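Worksheet: one structure, shown below.
Reminder, nothing fancy here: chain letters follow the sequence lines and each chain counts from 1. Heavy atoms only: backbone and side chains are in, while hydrogens, waters and symmetry mates are out. These numbers come from a predicted model, not from an experiment.
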Amino acid sequence: MPRPGPDKTMSLRDAVAAYVHDGDTVSLEGFTHLIPTAAGHEIIRQGRRDLTVVRMTADIVVDQMLAGGCVRKLVSSFVGNSSAGSLGELRRRIEHADPEPLEFEEYSHYGLICRYLAGAQRLPFYPLRSYAGSDLPAVNPAIRKVASPYGDEHIYVVPPVNPDVTIIHAQRADRAGNTQIWGLTGVQAEAVFAADKAIVVVEEIVADEVVRSDPNRTVVPAHAVDAVVEVPRGAHPSFAQGYYDRDNAFYRAWSGISRDKQKLAAWMAEWVHGTADHTEYVAKLGEQFWAGLAVGEALSEPVNYGRRL
Amino acid sequence: MTTVTTASEVLSVVASRELAGKRTVFAGIGLPTLAASLAHLTVAPDLEIVYESGVCGAHPSHLPETIADAVLITGAEAVLSMPALFGYVLQGGHIDVGFLGAAQIDRWGNLNSSVIGDWHSPKVRLPGSGGAMEVMANSREVFVVMRRHDPRSFVDELDFCTSPGPDRALTDGVRPAGLGVTRVITELGILARSGPGDELKLVALHPGVTVDQARECTGWPLEVGGDLTVIEPPSEAELRLLREDVDPERVYLR
């Protein structure tokens, strides 16, 4: 029998209390799929302040963290409510400094991906074929142009990002933190490896044997993970492939909620501050609601890893 | 069958015809998806649609609502990580046509999707680049579909250049990989340019639209190409496929 790895399971409350501090740089990743919403809500409930949030697609959870007063600076490559509209709080902060200004560092998607790649590998910079002729380098001095040491070419580079903590949501992990994701895997592994500490929130904590039966599906190995937290439905309103579908109606509703300050405050009071934790949030939505996001089965063919006879 | 053809239908059909003979297309959700799906059934049967979320060769059971819709994953041929999608597929040069939209476009096909007004204190904060800058820099060519053709969108000078075309890249001392924008499809007609050094010219009009109308709606002195044509209206067959096979529930065919 193989020995089990160290048990890193914690409650979400304890994980956020232990690893997210005022003033920290916090990365939340998940590209449309598996967005760590429950973790964002817990950060708001615990009243963190002056965070620098790094997130490629700053969407609803970022708008909520802004409204919760948690964020001083945002580092992002897309700020919008996916294709469903606008982020009201983000736009008030940037367009009117209301209730206070937001420091904003803008990149393109691959620019931010390259910052994670540099961060994960502890490299001083990372080159990419973007930014030539764009106005972005003029408003973001971190984007710089260098001469290739191997020819007469010039190329733009971006600096590494090394968050104090990265938080991701995933389908399943074992108790030590070997984390499995299927469907869109985004930039989660790079964001975890770039960070000093990492919290993985999962739909299910599974037995070690489940992970070991399919090691290629492990996107993040346990040695990169500090806390494993089981929070079913913790990615709502985004989706978890094979577990529940995206709540498209909520995405469409968010533009209206966040455009109106009073509506937004009431929503935060009821759904974030008014729930003790994500379990209460899930229960408050009700089983009938969750039935509407249920998905059917589409199993993959098993693969044969083989074993020595 | 609906008898009145909507603007969305016309734009989708015209864009689909431009994909004839293309192999790989990088498409967002909405009109580009409709155009690519229709082209797959008509002029480009071997077309592979690649999504920014990492999906290659999607076979969705339902029309996707986002570029990351779960229905794009189940049954897809490949799902790549973001470093692989942006690094190997896009920057590696595997995309024939990229589809982009923008708030503003100039005569060289440079795009703004970041701000209206000054970046530091914008009148309107828009979503920003996302992957648009990489699509522009690395696709062999770029098609733009603009729902609105007016001087606020077709501008003499961009408020901010988010996604620069090859001319601006060259000025910055970097050799571009692709041609930049080659086609702009609008409710009035088609603007086109051949590549670096060339500006967008009017090359086709929808039936009933005049050159003067197109010029009035463009914020720079719009030149007319030598062989200005009238766009063939959507055929019965194209409309039937679009309405019955591509978007039967009229999710995007508004």
Legend entry - Heavy-atom contacts under 4.5 Å, residues 75-82 of chain B to chain A: B:V79, B:L80, B:S81, B:M82

Inset, instruction - Answer yes or no: does atom CZ of A:R259 have more than 12 heavy-atom neighbours from other residues, nucleotides or ligands under 6.0 Å? - result: no

Inset, instruction - Identify the two heavy atoms, one from B:L19 and one from B:A35, that lie closest to each other, and give their separation to 0.1 Å. - result: CD1-O, 4.0 Å

Legend entry - Region of A:F239 that comes under 4.5 Å of a non-hydrogen atom in chain B: side chain

Legend entry - Part of A:I113 within contact of chain B (heavy atom distance under 4.5 Å): side chain

Inset, instruction - Would you mind checking which part of A:Y116 comes under 4.5 Å of any heavy atom in chain B, side chain (CB onward), backbone (N, CA, C, O), both or neither? - result: neither

Inset, instruction - Give a yes or no on whether a salt bridge exists between B:R243 and B:E9, defined as a side-chain N under 4.0 angstrom from a carboxylate O. - result: yes

Legend entry - Interatomic spacing from OG1 in A:T166 to CG in A:L28 - rounded to 0.5 Å: 8.0 Å

Legend entry - Top contributor to chain A contacts, counting heavy-atom pairs under 4.5 Å, from B:G165, B:P166, B:G54, B:S53: B:S53

Inset, instruction - Anything in residues 186-195 of chain A with a heavy-atom distance to chain B below 4.5 Å? Please list those residues in order. - result: A:G186, A:V187, A:E190

Legend entry - Partner chain B: residue of A:R91, A:E153, A:Q241, A:H33 with the largest heavy-atom pair count (under 4.5 Å): A:Q241

Inset, instruction - In plain terms, say whether B:E48 and B:K22 are close enough for a salt bridge, that is, a side-chain N and a carboxylate O under 4.0 Å apart. - result: no

Inset, instruction - Ignoring hydrogens and angles, state whether a donor on the side chain of A:S258 or A:E89 is under 3.5 Å from an acceptor on the partner side chain. - result: no

Legend entry - Working for side-chain contact (heavy atoms from CB on, under 4.5 Å), residues A:Q64 and A:L264: CA-CA 9 Å; A:Q64 292 168 343; A:L264 175 55; 5.6 Å; no

Inset, instruction - Tell me the residues of residues 133-144 of chain B whose non-hydrogen atoms fall below 4.5 Å from those of chain A, in number order. - result: B:M133, B:E134, B:A137, B:N138

Legend entry - Closest non-hydrogen atom pair, B:A58 against B:Y51: CB-CE1, 4.2 Å

Inset, instruction - Would you check if there is a donor-acceptor pair between the side chains of B:D106 and B:W220 at a distance under 3.5 Å? - result: no

Legend entry - Among B:G28, B:S163, B:G87, residue most engaged with chain A (heavy-atom pairs, under 4.5 Å): B:G87

Legend entry - Closest non-hydrogen atom pair, A:G111 against A:Y131: CA-OH, 3.3 Å

Inset, instruction - Say whether A:S255 and A:N81, considering side chains only, have a donor N or O and an acceptor N or O under 3.5 Å apart. - result: yes

Inset, instruction - Counting only heavy atoms closer than 4.5 Å, note whether A:R92 contacts chain B via side chain, backbone, both or neither. - result: neither

Inset, instruction - Taking the six-membered ring of A:Y251 (Phe, Tyr or Trp), confirm whether the NZ or CZ of A:R246 is under 6.0 Å from its centre and within 45° of its axis. - result: yes

Inset, instruction - Kindly check if the number of other-residue, nucleotide or ligand heavy atoms within 6.0 Å of CD (A:E103) is above 12? - result: yes

Inset, instruction - Heavy atoms only, distances under 4.5 angstrom: which of B:A169, B:A132, B:G173 has the most pairs with chain A? Name it, please. - result: B:A169

Legend entry - Check ion pair A:R172-A:E203 (N to O, under 4.0 angstrom): no

Inset, instruction - Identify whether the distance between the nearest side-chain nitrogen and carboxylate oxygen of B:R152 and B:D150 falls below 4.0 Å. - result: no

Inset, instruction - Would you please go through residues 109-130 of chain B and name the residues with a non-hydrogen atom below 4.5 Å from one of chain A, in numerical order? - result: B:S114, B:W119, B:H120, B:P122, B:K123, B:V124, B:R125, B:L126, B:P127, B:G128, B:S129, B:G130

Legend entry - Test log, rule ring pair (Phe, Tyr, Trp, His ring centres under 6.0 Å), inputs A:H236 and A:Y244: CA-CA 9 Å; A:H236 175 266; A:Y244 48 91; 7.7 Å; no

Inset, instruction - Assess whether atom OH of B:Y88 is packed by more than 12 heavy atoms of other residues, nucleotides or ligands within 6.0 Å. - result: no

Inset, instruction - Please determine if B:R193 forms a cation-pi arrangement with B:W108, meaning its NZ or CZ atom is less than 6.0 Å from the six-membered ring centre and no more than 45° off the ring axis. - result: no

Legend entry - Heavy-atom closest contact (B:A27 atom, B:I49 atom, distance): CB-CG2, 3.9 Å

Inset, instruction - Report yes or no: do B:T24 and B:H94 form a side-chain donor-acceptor pair below 3.5 Å? - result: no

Legend entry - When A:L184, A:T32, A:T185 are compared by non-hydrogen pairs under 4.5 Å with chain B, the top option: A:L184

Legend entry - Charged N-O contact under 4.0 Å between A:D214 and A:R217: yes

Inset, instruction - Find the one option among A:Y110, A:F78, A:Y156 whose heavy-atom pairs under 4.5 Å with chain B are most numerous. - result: A:Y110

Inset, instruction - Apply side-chain contact (heavy atoms from CB on, under 4.5 Å) to A:L90 and A:L74, showing your working. - result: CA-CA 10 Å; A:L90 179 133; A:L74 176 64; 3.6 Å; yes

Legend entry - Residue A:L128 versus chain B: region with a heavy atom under 4.5 Å: both

